Structures are given as structure tokens and as C-alpha cells.
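As C-alpha cells, the structure follows; a few thoughts come after it.
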4 protein chains.
Amino acid sequence: METSRRGRPRNADADRAILEATRDLLVADGYERLTMQAIASRAGVARQTVYRRWPSKARIVADAVLSGHLSPGFDLPTDASASLRDWLHRAAMQLTDAAHLAVIRALAAAAVESDDDASRLYAAFTGPGRRQLLSLLEAGVASGDLRADADLEAAADAILGAVLYTALARNPPQTEHLDALADVLLSGLTAR
Amino acid sequence: METSRRGRPRNADADRAILEATRDLLVADGYERLTMQAIASRAGVARQTVYRRWPSKARIVADAVLSGHLSPGFDLPTDASASLRDWLHRAAMQLTDAAHLAVIRALAAAAVESDDDASRLYAAFTGPGRRQLLSLLEAGVASGDLRADADLEAAADAILGAVLYTALARNPPQTEHLDALADVLLSGLTAR
Amino acid sequence: METSRRGRPRNADADRAILEATRDLLVADGYERLTMQAIASRAGVARQTVYRRWPSKARIVADAVLSGHLSPGFDLPTDASASLRDWLHRAAMQLTDAAHLAVIRALAAAAVESDDDASRLYAAFTGPGRRQLLSLLEAGVASGDLRADADLEAAADAILGAVLYTALARNPPQTEHLDALADVLLSGLTAR
Amino acid sequence: METSRRGRPRNADADRAILEATRDLLVADGYERLTMQAIASRAGVARQTVYRRWPSKARIVADAVLSGHLSPGFDLPTDASASLRDWLHRAAMQLTDAAHLAVIRALAAAAVESDDDASRLYAAFTGPGRRQLLSLLEAGVASGDLRADADLEAAADAILGAVLYTALARNPPQTEHLDALADVLLSGLTAR
DNA sequence: TTTTAAGCGAGACGGTACGTCGTGTCTTGTT
DNA sequence: AACAAGACACGACGTACCGTCTCGCTTAAAA
């Protein structure tokens, strides 16, 4: 048991306040305009208190992502009736709002420290959406609408990648394009 | 048209040298560590000579992307025998090398700083691969292997997005995962 | 001849402005409260411009002293009629005003970098007063009032040291004390 | 008089250890490089224990001076045979060692930061030497070597000031210069 | 004996200045 | 005009100290 440390304990609220301040400022101003001083001020904390916990701006942002402070909520009903097409539309809509675009772009900068950090960041960012999507797919399999022998993990990656890419490269995404996307993913490309 | 200007003409080599220096440094150190001084030094040029041509770091990177200096070569044969599965494997392999990952991450940073739309940069970056992929798909349709009524643009987006996302979030990508990805894209998710 | 240097030449006015700003702020607020930012601001210059010329606060102050920006004026007439007693009174008066006390105290801090810098700083600070005093003594010798075989350099040191010490340790100096001081210096201690 | 307090009594050793640590570090590194943490560490004490006794760095140094921890020993015999010239030489020698120079310079810094008057600190620092010098002068008067009507306080100031100034501004002091100094102080400047 | 008030080591905290680095602009002399 | 070189205004970075504030533990006098 080594929880009884010496000295004044760190203010646990500060950690949270700093991550939240980071999220708010990142979403509002973007990574480049994000400042340690601004983070500290908004968190109601001295600059040194931030540095005592994180060694750099990139690490704070990385932690904000990893701790889920920056993942999109995807506040959609995950009931059985929600079709994949609906999910694609809503996810694309949410990802293309200014806040989430800012975060997606920050992921790149935050991953600058280490090369394989990037994977963890992207995985953490997409985690909630991915879990949601997986349960949607599982429901589809259970109801017999989707085939049982598909690799659902791979399917989730394909869907997430497609919607992320569309959000980034086809901003704003068009309805017909998303419908065609859903068609490809559901029906496949093979002639029959 | 007054093409003959007075004074000393610009050194045409400098443009190319600067873009190449930008690419090399970007790939080696990432966007955050990229500095104008480093670009100029590596290009054998004064800092002002860079600023005479581009107004900011973001614009150089954007131009390097738009001019194709940073797009992946995808030097794969596009012959009829190349299956979609092969393409996925090779593309994922190429995108996960350090150089391309650095560029992919830089796209976001460059987009947010320059006036250019992120979508233009992503489109430019993925352009060559996309064109290659489309001709592969068209060949598949022509040979009757792929169904004729699929939206090939949407299919290309799905495939590109999936492979990009896999490269970013599942670094390095596993063989089985890519195979499962190909299966989903070819066969679709719908039960039949 | 190597005066033709390359690149934009340094703004010569800035050097002077920085030294003057240093003097003004030092005299007004003291060494401890002196700030690089304050110096720069008052000189109408960026902080980096100060650092380009001097590596530290101590060095600026040292240079301000060595360049005579901080030496007391001792604006007394040096005519033959000025007696040593008068000089002592006026010098003590001037050295005990707030401005000069601040400078004297700053000498110690400014000398922190190197050990024998201190000598040069004290010598520079007292230089003008010393020269004035020497010509006063020489005039006394010429007029026959003072003995010709005294070491005037040593005498000047004794007088300067005495008045400096009195100013520091007996702040404010009393008239009678200064008179007694003059008496000792003029008549000596030896019984006759 | 309520000398018996409740609670754990203060460690009396700490006071002394702190003052000694202050002296050692001051002499070794100078006032500017002196830090509270270093004082505490060297004294084997927590930083707070220092602050419980002194409110600031300047006050510790001031107290170290006032308590005599930093005054030069002037361990000279004060017997009748010791001439003023001998005293000057030995005092100059002692004051110009690195330790005492550091202290002399620290006086100014400590004085400007603490509420204490500079004069009190200088008086305390020079106190032992001054008392020694005065008894030397009184012995000279008693023996008839020195004149009886001189203001010995003023004479002591002149001598102390001269030797201090020489130590500071003419480091290291030359033998001939000190001899000439003694000559001026003993014989005076007046022609006869 | 048991309180209880203070001392103490340790270290977090709000501030402030430091010295460095990068950006984008400007000003020299030279080509 | 372009160019190499480098100064300039601006502003963020990460570090170091200051003096204050909790923590848990220890120590002795008071209850």
C-alpha cells in the first residue's frame, strides 16, 4: 500500500478542470491557437500546475482524447430499428461540425511525440462510435438482417473509415453519396 | 499579357528545391517540428526567398500536397489480375510507412492553418490512389466480376477510407484484418 | 576593413535606448524590480532585441555602468576655490540620494557574473568623481595649499572610500562628521 | 512573560544551521544564486522551517550579517606594536578574499530587499573591525604617537572606507598603494 | 493518560521572470 | 527586381524561484 504519500496531495479537481479547459479551447480555437496559459487560466490554475501534470501541450491533448473528453457523443438511439444508413448520415453530420473537425485535426498534432501514439489516439477517439456501431451490427445479425459470417470488427473499421474520410474529404457530405456508401457496404461489390 | 518583368528573374529551381525540402523534412520530423529556417537551409536558399513565394508554412505544405509532391506513389501494376484484396494489402503497407503517416498527419495541421479547405488537401493527397482504384474497379465491372450498378465513386471512398483508417488506427495492419475488410467490401453485409 | 557586414545592420539607437531605459528603471525601482520586459518596453524595443545584444540583466547593468550612463555627475565647480571640505559635503549629499544609492547597490548584483568585474564596475562608477577630485587635489598642490609629495592617487582613494562608506553606513551623513573627516584627511593623524 | 508555549518546541539547532548554510552558500555562490531551497537543503531542514523563522531571503542574509556570522574576523593582534600600516595591509588582504567580497556585495542586495536600513547592515558588518581599529587608534593616542584632538570616529570611517573601497575597486590591492594610503592618513594632505 | 497545539518534512499551488525559439516582416549590400 | 544575411516585433515555450498552503507525522506541555 503506497497510497499514503507525503506532502500536500495534488488537487484532483485540477486534472479534470485542465482537461475540460483543453477540450473547450481546442474545440473553439483549434490546436494551433491553444496555449498553455489559456488552458491554465480557463482551468483556474497556475501555468506551473499544468506543467506539473503534463510535459507538453501535445500530451494534454493526447490525454484529453484518451480519457474520452473529446470523443464524439454519437447520441443516437442504438435500437434495432436504426438502420446503417441512418447511422452513416448522423455520424457524418456530427463529424463535420466545427468542434469535431477541430478535434480530428488536433489528433495529428497531438500524436507528434511518438509514432504509435497516433494509433492509440485515433482508436480512443473513435472508440465510443465504434462500440455503438458494433452493437448496431450485432443487433442486425441477431435479427437476421445481416449475415452472420462477416467479421464485424472489419466491418466497423470499413464503415468508420468511410465516414471519417467522407467527412474530411467531402465536406459537407452529400446525401446521395452517403446513400451510395451504405449501398456498397450492405450489398457488396461482387456481381451475382 | 506582360510576361517580361524588369529586374532579376526568380530562380526557378528554388521553387522545386523548397517543395522537396519541405517534403523531406515533413516526412522526417513531422509538421510541428518543421521550421521555415530548416526548409530554407535544406533548399540552399534564404528564408526570405521562401516567403517571397509562399506566405506561410501551412501554404507550402498545402502546395506540396496539391502539387503531388507528397502523394503516395502506389506503384502497383493496375493489370486485370490485381484483385481488390491485393490492392488493399499493398496500399495499407505503403500508407503505414513512416513517411506517409507523417504526411497524412500533416494534412490536418496544414488544412487548419492555411485558408485551403481540408477537403481539397485530402482529395489531392488521395487523388492518385483514387484514380488507380477507380480504374481497377472499372476493369472489374467490365470483366463482369463486379456488379455494374454500384456507385464506383462511393465504393472508392469506402475503400480509401477503410484503408486510411486502418493505417492510422491499427498500425501496423494485420493480414487477416485486411482480408476480412476485403470480404466485407466485396460481399457486403446483407444476409441472403 | 570588415565594417561592411552582411544582413540588416543593428539599430544603433536601440543600444543607447536600452542603456538609458536600464538607467531610468534601475534608478526608479532598483535592481531587483528591474525586468528585461520593462527595459525592452521602455526602450521601445522587443525583448529579443535586448537579448541579441546582452546575455543577461547583470550584463546590461554592468555595461550601463561601464559606459558611464550611471555615474554620478558631481556637477560641482572644480575651480581652485572649491575646498576639499566642500567637495566632501556635496559628494556625500549626491551619493545619498535615492537614485545613486540604487545604483551603488546594483553594482553588487551586476558584478555577480565574474569576480574581477566588480573592480571594473566600481572603478567605472567612481571614475568621473575620481577625475574631478584628482584635478581638485592637483590644483591644491599647484597653489601650495597641499603638500607636493603626497600620492594623489592614494589620497583620492582614501577620500572616495571615506565618502562612499559614510554615505552607505551613515545614511544620512551628518555635517560634523564630514567636517571631522576632512580634518583627518587634511591634517593627518600623526601628533607633531 | 509567557515563555512556555504549548506544542512541539522549535528545534534550536535549526536557526544556527540555517544561518551557517546561508553564510556558506552566500560566500560560495553570491547573493543572486542563493536560493531558499539550497539553504534549507544544506541546513538539513525543510523549506517551510526556514520560512517559519524568517520571512524572506533578504531577512536571513540581513540576520546573518547582524548576528555577526558574516563579519570578517580581523584576527590580528591589537598590541601596541601593530602600526596602522600593518592594519591596513592585513585588513585589505582579508577583505579581498573571495568570501568577504561576496559578503560585501551581498550587503547591498540584502539591504535593498529587506526593510532594514543599509546603514545598519554595513555598521554590523564593519563593527568588529571598527572596534578593533578604534582601540588601535586610542592606543596610539595614549602612547603619544597620534594626535589627541583628532575625531577618532571620523578617522576610523576614513580608514575603513579607504580600505573597503580599495578592496572593491583595486582588487587585488598593491603594497605600494596601501603604503601611500597609510602615509596620507597619517600625515594628512596639508602642506606645512 | 489523553488531549491538543505547534513543529516539521514533503510537496502542491499561484505568481512572475527568465532565456530560447519560431513566425512573418523589414532593411542592408550584392547580383 | 531577386537574393543572402540577418535584425526586428511579437508571442509561446518550458524552467526556476518565490512565498503560501496543505498533508501526515512527531513532540511536549496542558487538561
Side-chain angles (χ1 to χ4, degrees), chain A residues 4-12 14 32-41 44-57, chain B residues 5-12 14 32-38 40-41 44-59 113, chain C residues 3-12 14 32-41 44-57, chain D residues 4-12 14 32-38 40-41 44-59 113:
Chain A
S4 69
R5 292 205 193 67
R6 292 190 298 189
R8 177 174 173 179
R10 290 196 181 166
N11 181 355
E32 298 294 316
R33 276 190 263 279
L34 189 63
T35 289
M36 293 303 258
Q37 179 61 71
I39 292 175
S41 297
V45 131
R47 211 155 54 90
Q48 182 59 34
T49 295
V50 181
Y51 280 110
R52 198 172 290 118
R53 291 162 161 78
W54 289 276
S56 68
K57 189 169 68 165
Chain B
R5 296 251 171 35
R6 300 214 307 185
R8 176 173 172 177
R10 286 195 182 170
N11 179 355
E32 297 290 312
R33 290 196 233 279
L34 188 65
T35 70
M36 293 303 259
Q37 181 60 69
S41 297
V45 131
R47 216 153 51 89
Q48 181 59 32
T49 297
V50 181
Y51 278 109
R52 199 171 289 117
R53 290 161 161 81
W54 288 276
S56 72
K57 185 169 75 165
R59 284 315 237 330
E113 275 192 87
Chain C
T3 62
S4 69
R5 293 203 194 69
R6 290 189 299 188
R8 177 174 173 176
R10 289 197 181 166
N11 181 356
E32 298 294 317
R33 276 190 262 280
L34 188 63
T35 288
M36 293 303 257
Q37 179 59 71
I39 292 175
S41 297
V45 130
R47 212 155 53 91
Q48 182 59 33
T49 295
V50 181
Y51 280 110
R52 199 173 289 117
R53 292 162 161 78
W54 288 277
S56 69
K57 189 169 70 165
Chain D
S4 66
R5 293 248 172 35
R6 299 219 306 185
R8 178 172 172 176
R10 287 193 183 173
N11 179 355
E32 297 291 312
R33 290 196 233 279
L34 188 65
T35 70
M36 293 303 259
Q37 181 60 71
S41 296
V45 131
R47 215 154 50 90
Q48 181 59 30
T49 297
V50 181
Y51 278 110
R52 199 172 289 117
R53 291 160 161 80
W54 288 276
S56 71
K57 185 170 73 165
R59 282 317 233 336
E113 274 193 88

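The model shown is predicted, which means the values in this text are computed figures rather than measured ones. Numbered from 1 within each chain, the chains take letters A, B, ... in sequence-line order.
Residues passing the side-chain contact (heavy atoms from CB on, under 4.5 Å) test with B:Thr35, sequence neighbours excluded: B:Gln37, B:Ala38. Residues passing the salt bridge (Lys or Arg N to Asp or Glu O under 4.0 Å) test with C:Arg8, sequence neighbours excluded: none.
Following rounding to the nearest Å, B:Glu32 (CD) and E:dT23 (P) show an atom-to-atom distance of 11 Å. Atom-to-atom, CH2 of D:Trp54 to C1' of F:dC18 comes out at 18 Å; the value is rounded to the nearest Å. Whole-Å rounding puts the D:Tyr51 OH to F:dC17 P distance at 12 Å. Rounding to whole angstrom units, CE of residue C:Met36 and P of E:dC21 are separated by 15 Å. Rounded to whole angstrom, the span from the NZ atom of D:Lys57 across to the C1' atom of F:dT20 amounts to 17 Å.
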Stepwise, does the side chain to side chain contact (heavy atoms under 4.5 Å, CB included) test hold for A:Glu32 with B:Glu32? CA-CA 10 Å; A:Glu32 298 294 316; B:Glu32 297 290 312; 3.4 Å; yes

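Listed nucleotides F:dC8, F:dC3, F:dA12 differ in distance to C:Arg47; the shortest reach to its side chain belongs to F:dA12. Taking every side-chain heavy atom of A:Ala46 into account, E:dG15 is the closest of E:dG15, F:dA9, F:dC3. Between F:dG14, E:dC13, F:dC18, one nucleotide has an atom nearer to the side chain of A:Ser56 than all others, and that is F:dG14. If you check E:dC21, F:dC21, F:dA7 against the side chain of D:Gln48, the one that comes closest is F:dC21.
When heavy atoms are screened at a 4.0 angstrom cut-off, A:Arg33 is found touching no nucleic acid atom at all. As judged by a 4.0 angstrom heavy-atom cut-off over every strand, D:Leu34 is placed among residues touching the sugar-phosphate backbone only.
Nucleotides of DNA chain E nearest to A:Arg10 and A:Gln37 differ in position, and the one nearer the 5' end is that of A:Arg10. Checking B:Asn11 against C:Gly44, the closest nucleotide of DNA chain F that is more toward the 5' end is the one next to B:Asn11. The 5' end of DNA chain F is approached more closely, in terms of each residue's nearest nucleotide, by D:Thr35 than by the other of D:Thr35 and D:Arg8.
Distances shorter than 4.0 Å separate none of the side-chain N or O atoms of D:Thr49 from OP1 or OP2 on E:dG7. Close to F:dG14, at under 4.0 Å from its OP1 or OP2, lies no side-chain N or O of A:Arg52. Between D:Arg6 and E:dA5 there is a side-chain N or O to OP1 or OP2 distance below 4.0 Å.
Judged purely by atom type and a 3.5 angstrom limit, D:Lys57 uses its side chain to pair as donor or acceptor with the backbone of D:Leu34.
Taking OG of B:Ser56 as the reference point, atom OH of B:Tyr51 lies at 8.0 Å (rounded to 0.5 Å).
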